[in-house]
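Quick notes on the structure that follows.
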Amino acid sequence: MPELPEVETTRAGLEPLLVGRRVTAVSVRERRLRQPVPARLAATLDGQRLRAIERRAKYLLFRFETGTLLGHLGMSGSMRVVARGEEVRKHDHVDLDFGARRVLRYHDPRRFGLLLWQRGDAPHPLLHALGPEPLGADFDGAVLHAQARGRKIAVKPFLMDAKVVVGVGNIYASEALFRAGIRPGRAAGRLTRPDCDRLADAVRAVLGAAVARGGTTLRDFVGGDGEPGYFAQELAVYGREGAPCRTCGSAVQARVLGQRSTFWCPRCQPR
DNA sequence: CTCCGATCCTGATGGC
DNA sequence: TGCCATCAGGATCGGA
């Protein structure tokens, strides 16, 4: 479910409610996520002050005094702050209690997410091979062009490769390609430098706009404050097969590419 | 190396 | 109404 804008929305929603507070209790109701929740998590976190919440790619980094809790929301995860005593719903797997009205609740029906503990200051191995942050200074058309060189993979799954650029998932890959006027099935290696410049700009623009709207809620995503995101109404092509393109009126096309649904406008994305 | 398909899991949806 | 197939915002793994 969550791509960079949804993870960043989660981070920004949690931060003012939790940073500076101490963990007073930890409750793990289900530890079978993509990897098991560490058995000693409660003992590790109890009494520790949360110093910061950061984001790298689609990971959330909860910085504590003796290490970092690494979180990932997978396809269906969400985190929000609830009051102590709020009714526990199905798939509310983990609570971190920071106070009476400050319980961080992790919810994830499909359990593709992660909660892992990394002691000390070293970055977690899962973060090691990640590419540049799309909204950071070291991502641009030149980087994209260099990465794409010689590659036959379609540009859409190429954009979703975290070694190329992080944070771009299935929704925003289609949206960025629409904004750049590039067909999703085009081989990455055939992109020109100007194509890559437009594409990098489009990735930044669409992610930035989505962050500003609090992300995209298709089904049940909520940010750290429990509110849905409002970018869905601004999606140009994702989920709009057969509907008229908002720019030119042509019917939006869809096909499966790299096992993922892919959407584009045949007229606005000529090649 | 690159690329593709299968896989983990549960829930929603649509066809019959 | 029930049953079944398909699809879903991610990421990893193995084989070609």
Side-chain angles (χ1 to χ4, degrees), chain A residues 1-10 29-37 55-60 70-79 89-93 106-116 124-131 134 146-177 184-190 203 206-207 210-211 213-223 228-242 254-263:
Chain A
M1 152 202 259
E3 306 182 36
L4 184 149
E6 292 73 40
V7 179
E8 178 57 27
T9 295
T10 299
R29 287 176 284 269
E30 172 61 82
R31 57 177 76 253
R32 294 174 302 166
L33 304 183
R34 181 152 64 84
Q35 295 178 40
V37 177
R55 180 192 56 74
R56 172 74 173 109
K58 297 172 191 167
Y59 292 93
L60 288 164
L70 189 75
H72 196 289
L73 302 177
M75 288 278 262
S76 59
S78 60
M79 291 185 187
R89 296 168 307 174
K90 201 172 180 184
H91 308 303
D92 284 342
H93 302 314
Y106 172 78
H107 176 88
D108 187 3
R110 292 175 76 179
R111 294 191 276 116
F112 288 172
L114 284 176
L115 283 178
L116 297 172
H124 194 281
L126 286 172
L127 307 179
H128 182 65
L130 294 174
Q147 286 286 325
R149 186 171 171 177
R151 298 194 58 180
K152 293 186 172 175
I153 189 176
V155 61
K156 195 245 188 178
F158 169 78
L159 259 191
M160 294 171 66
D161 179 349
K163 290 188 284 297
V164 173
V165 59
V166 301
V168 182
N170 202 40
I171 295 179
Y172 299 111
S174 282
E175 293 296 307
L177 288 163
R186 177 131 162 243
R190 306 199 61 158
V203 166
V206 72
L207 294 179
V211 169
R213 289 270 176 253
T216 298
T217 295
L218 292 183
R219 190 168 277 124
D220 57 3
F221 169 77
V222 291
Y230 296 101
F231 194 70
Q233 57 207 75
E234 294 179 37
L235 293 176
V237 289
Y238 183 87
R240 300 191 65 242
E241 180 178 11
R255 68 175 267 213
V256 174
L257 206 52
Q259 291 92 244
R260 312 301 296 276
S261 303
T262 303
F263 303 86

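Model, not experiment: these values are computed from the prediction. Reminder, nothing fancy here: chain letters follow the sequence lines and each chain counts from 1.
Here the nucleotide nearest the side chain of Ile153(A), chosen from dG5(B), dC3(B), dA11(C), is dC3(B). Candidate nucleotides dA11(C), dC8(B), dG9(C) were compared by shortest atom distance to the side chain of Ile171(A), and dG9(C) ranks first. Looking at the side chain of His91(A), the nearest of the listed nucleotides dG11(B), dG5(B), dA11(C) is dG11(B).
Here Phe112(A) counts as stacked on dG10(C): its ring centre is under 5.5 angstrom from the base ring centre and the planes meet at under 30°.
For His72(A), no side-chain nitrogen or oxygen approaches OP1 or OP2 of dG10(C) to under 4.0 Å. Taking side-chain N and O atoms only, Arg260(A) has no distance below 4.0 Å to OP1 or OP2 of dC7(C).
A donor N or O paired with an acceptor N or O is not found under 3.5 Å between the base of dG9(C) and the side-chain atoms of Glu3(A). The base of dC9(B) lies close enough to the side chain of Arg110(A) for a donor and an acceptor atom to sit less than 3.5 Å apart.
Rounded to an integer number of Å, the gap from Tyr59(A) OH to dT12(C) C1' is 10 Å. As a whole-Å value, the separation of Arg151(A) CZ from dT2(B) P is 6 Å. Regarding Arg149(A), its CZ atom lies at a distance of 16 Å from the C1' atom of dT2(B), rounded to whole Å. For Asp161(A) and dG10(C), the CG to P distance is 13 Å, given to the nearest whole Å. What separates CZ of Arg219(A) from P of dG11(B) is a distance of 12 Å, to the nearest Å. Protein atom CD of Glu30(A) is 11 Å distant from nucleotide atom C1' of dC9(B), rounded to whole Å. Phe231(A) places its CZ atom 16 Å from the P atom of dG9(C), with the value rounded to the nearest Å. Atom CG of Leu130(A) and atom P of dT12(C) are 8 Å apart (whole Å).
Considering all non-hydrogen atoms of both residues, Leu70(A) and His124(A) come closest at CD2-CG, 3.7 Å. Residues Glu3(A) and Gly167(A) approach most closely at CB-O, 3.7 Å, considering heavy atoms. Between Leu116(A) and Pro36(A) the shortest heavy-atom distance is CD2-O, 4.0 Å.
Ring planes of His107(A) and His91(A): perpendicular class, angle over 60° (limits at 30 and 60°). Aromatic ring orientation, His72(A) versus Tyr59(A): perpendicular (interplanar angle above 60°, classes split at 30° and 60°).
Atom CZ in Arg213(A) sits 11.5 Å away from atom OG1 in Thr9(A) (nearest 0.5 Å). One distance of note links CZ of Phe221(A) with OG of Ser76(A); it measures 12.5 Å at 0.5 Å rounding. Atom CG of residue Leu218(A) and atom CD of residue Glu6(A) lie 8.0 Å apart, to the nearest 0.5 angstrom.
Comparing Lys152(A) and Pro109(A) along DNA chain B, the residue whose closest nucleotide (by nearest heavy atom) sits nearer the 5' end is Lys152(A).
When heavy atoms are screened at a 4.0 angstrom cut-off, Tyr238(A) is found touching the sugar-phosphate backbone but no base atom. Base contact: Leu218(A) has a heavy atom under 4.0 Å from a base atom. Residue contacts shown for Lys90(A) are limited to sugar-phosphate atoms, with no base heavy atom under 4.0 Å away.
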For DNA chain B, produce a single dot-bracket line, 5' to 3'. Pairs: Watson-Crick or G-U wobble, both distances under 3.5 Å. Symbols: ( ) within strand, [ ] crossing, | other strand, . unpaired.
.|||||||.|||||||

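For the P atom pair drawn from dC7(C) and dG5(B), the interatomic distance equals 14 Å after rounding to whole Å. Taking atom P in both dA5(C) and dT7(B), the straight-line distance is 16 Å, to the nearest Å. Comparing dG9(C) with dC3(B), their C1' atoms sit 23 Å apart, to the nearest whole Å.
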